[in-house]
Amino acid sequence: MMKLSKQLKSDFNKCELIIKENSKTFYKAFSMLKAKQDRQAIYAIYAYCRVVDDAIDEYKDIDLLNSYESKLMDMIKGDTPTDFIFRSLNEVIKHYYPKAYDFKPYFDLIEGQRQDFLFTQPKTLDDLLKYCYHVAGVVGEMLSYVLAPKSVIGELKLVARNLGEAMQITNILRDIGEDRKRKRIYIPLDVMHQFNYTQKDLELGVVNHGFIEMFEYLANYAHKKYEIALEKLHLFKPDARKPLLLASKMYEEIISTIRSNNYDVYNIRSVVSDERKKEIVLSIYK
């Protein structure tokens with residue numbers, strides 16, 4: 001990926017636009033990588049994850065999801081689809097990934113979206129964590145090939161899983177209200193029972209003592225996962241450490257923002273303020 005054709009330059013630029021428009025947090029973090037080819041690789045992987053995710057989340061189109069699986073299989077066979085995301089991704093795979101790579105995380109992401117399409121409320125925390133792996137942990141695994149030396153990839157898969165779980169649980173806590181409108185409950189049934197918070201409470205948007213205890217139980221689980229992942233930050237490439245720390249801290253701050261909004265996830269979408277983001281950036285890059 002040292003010298004790109006005009007077509008591939010255009011493809012990577014389109015991938016960059018996707019991350020820039022859909023995730024300001026990740027774009028802000030990873031645009032700070034020193035090597036342009038590392039940045040482009042991140043943008044291409046993100047673009048793949050975004051369209052796979054949107055196939056179900058935005059369009060609820062299982063045929064569209066299946067089409068991405070077909071394109072992925074074609075790319076693996078050497079028949080790269082005429083699709084800018086897969087052309088970019090193919091270049092990334094050739095440059096960063098081992099020849100015998102099995103593409104399991106890429107297929108697992110698609111499987112995670114199939115699970116979302118046939119959604120049922122998770123019964124246990126373990127069920128939720130399996131879901132988190134399929135929709136978020138796999139993303140960390142994909143990125144690890146770009147962000148870390150090849151010698152530590154095996155160890156970093158566990159780091160990626162922890163960080164993915166932490167971020168996905170953060171998303172779930174932030175989006176309880178929005179998911180309610182979509183008739184979806186991602187809080188495990190046994191966790192709701194543990195804190196005597198009922199489905200009726202959730203439908204009515206009740207924020208009571210039980211809700212706060214339930215929220216804190218999952219939030220503290222996420223905090224521990226962030227901590228476990230960041231303890232291994234030294235394994236990543238030197239210039240990837242601060243961007244990863246920044247992305248993690250920005251995401252974790254969402255939980256603090258929800259607390260400052262008195263846990264009202266039903267009427268307020270908690271967003272980290274620009275002022276707080278600047279404070280986090282300064283604390284990391286000073």
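In this chain, numbering begins with 1 at the start of the sequence shown. Please read these numbers as outputs of a predicted model, since none were measured by experiment.
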Presence of salt bridge, [Y] and [X], under 4.0 angstrom:
X    : Y    : value
E111 : R114 : yes
D127 : K123 : no
K278 : D274 : no

First locate atom [atom1] of [X], then atom [atom2] of [Y], and finally report the distance between them rounded to the nearest 0.5 Å.
X    : Y    : atom1 : atom2 : result
I187 : I176 : CD1   : CD1   : 4.0 Å
E165 : L129 : CD    : CG    : 4.5 Å
L128 : T124 : CG    : OG1   : 8.5 Å
K34  : R39  : NZ    : CZ    : 12.0 Å
D239 : M32  : CG    : CE    : 12.5 Å
S88  : K9   : OG    : NZ    : 13.5 Å

query: Is the cationic atom of K60 (NZ for Lys, CZ for Arg) positioned less than 6.0 Å from the six-membered ring centroid of F117 and within 45 degrees of its normal?
result: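 The answer is no, since K60 fails at least one limit relative to F117.
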query: Relative to F236, does R241 satisfy both conditions: NZ or CZ under 6.0 angstrom from the six-membered ring centre, and within 45 degrees of the ring's axis?
result: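 Judged by the rule, R241 and F236 form no cation-pi pair.
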Path from [X] to [Y] over hydrophobic side-chain contacts below 4.5 Å:
X    : Y    : result
I56  : L64  : yes
I212 : M214 : yes
V138 : L158 : no
V52  : I62  : yes
I258 : Y221 : yes

Show the nearest heavy-atom pair for residues [X] and [Y], with the distance to one decimal.
X    : Y    : result
Y131 : G112 : CE1-O, 4.3 Å
A160 : G140 : CB-C, 3.3 Å
I45  : V146 : CD1-CG2, 3.9 Å
A41  : V92  : CA-CG2, 3.6 Å
L156 : S144 : CB-CB, 4.4 Å

message: If you apply the rule side chain to side chain donor-acceptor pair (under 3.5 Å), what do you find for Y251 with Q168, and how did you get there?
response: CA-CA 10 Å; Y251 237 82; Q168 191 60 32; over 6 Å; no
[Y] and [X] side chains, donor-acceptor separation under 3.5 Å:
X    : Y    : value
E227 : H223 : no
D11  : Q7   : yes
E231 : Y226 : no
R269 : N261 : no
D264 : N267 : yes
S10  : N13  : no
Y263 : E216 : yes

query: side chain to side chain donor-acceptor pair (under 3.5 Å) with K225: which of T170, N162, N220?
result: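 Exactly one candidate clears the test, N162.
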- request: Apply side-chain contact (heavy atoms from CB on, under 4.5 Å) to D102 and F107, showing your working.
  value: CA-CA 9 Å; D102 62 8; F107 286 109; over 6 Å; no
message: Among Y27, F84, F26, F12, exactly one meets ring pair (Phe, Tyr, Trp, His ring centres under 6.0 Å) together with Y43. Which residue is that?
response: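 Testing Y43 for a ring pair (Phe, Tyr, Trp, His ring centres under 6.0 Å) against Y27, F84, F26, F12 leaves exactly one candidate, Y27.
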Is there a side-chain contact between [X] and [Y] in this structure, where contact means two heavy atoms from C-beta onward sitting under 4.5 Å apart?
X    : Y    : value
R87  : N90  : no
L147 : L33  : yes
V281 : K28  : yes
S270 : V265 : no
L89  : M75  : yes
D116 : Y186 : yes
L4   : E91  : yes
C49  : L109 : yes

Counting neighbours of [atom1] on [X] that are heavy atoms of other residues, nucleotides or ligands and sit closer than 6.0 Å, is the number greater than 12?
X    : atom1 : result
K71  : NZ    : yes
E178 : CD    : yes
H234 : NE2   : yes
Y101 : OH    : yes
K20  : NZ    : no
K232 : NZ    : no

message: Checking V207 against N262 for the side-chain contact (heavy atoms from CB on, under 4.5 Å) test, could you report, in this order, the C-alpha distance in whole Å, the side-chain angles of both residues, the deciding distance, and whether it holds?
response: CA-CA 9 Å; V207 177; N262 297 313; over 6 Å; no
message: I'd like to check the ring pair (Phe, Tyr, Trp, His ring centres under 6.0 Å) partners of Y68; sequence neighbours left out, ordered by chain and number.
response: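 In terms of ring pair (Phe, Tyr, Trp, His ring centres under 6.0 Å), with neighbours along the sequence ignored, Y68 is linked to no residue.
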task: Using ring pair (Phe, Tyr, Trp, His ring centres under 6.0 Å) as the criterion, list what pairs up with F211, not counting sequence neighbours.
output: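 If we apply the ring pair (Phe, Tyr, Trp, His ring centres under 6.0 Å) test to F211, skipping adjacent residues, the hits are Y197, Y266.
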N/O donor-acceptor pair under 3.5 Å between [X] side chain and [Y] backbone:
X    : Y    : answer
S248 : L244 : yes
R184 : D179 : no
D201 : T198 : yes

task: Applying side-chain contact (heavy atoms from CB on, under 4.5 Å), run through Y145 and I93 and close with a yes or a no.
output: CA-CA 9 Å; Y145 288 91; I93 299 299; over 6 Å; no
- request: Could you please spell out the steps behind the side-chain contact (heavy atoms from CB on, under 4.5 Å) verdict for I185 and R180?
  value: CA-CA 6 Å; I185 303 174; R180 174 189 61 165; over 6 Å; no
query: Between Y48 and F86, how do the two ring planes meet: parallel, tilted or perpendicular, split at 30° and 60°?
result: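 Y48 vs F86 ring planes: perpendicular.
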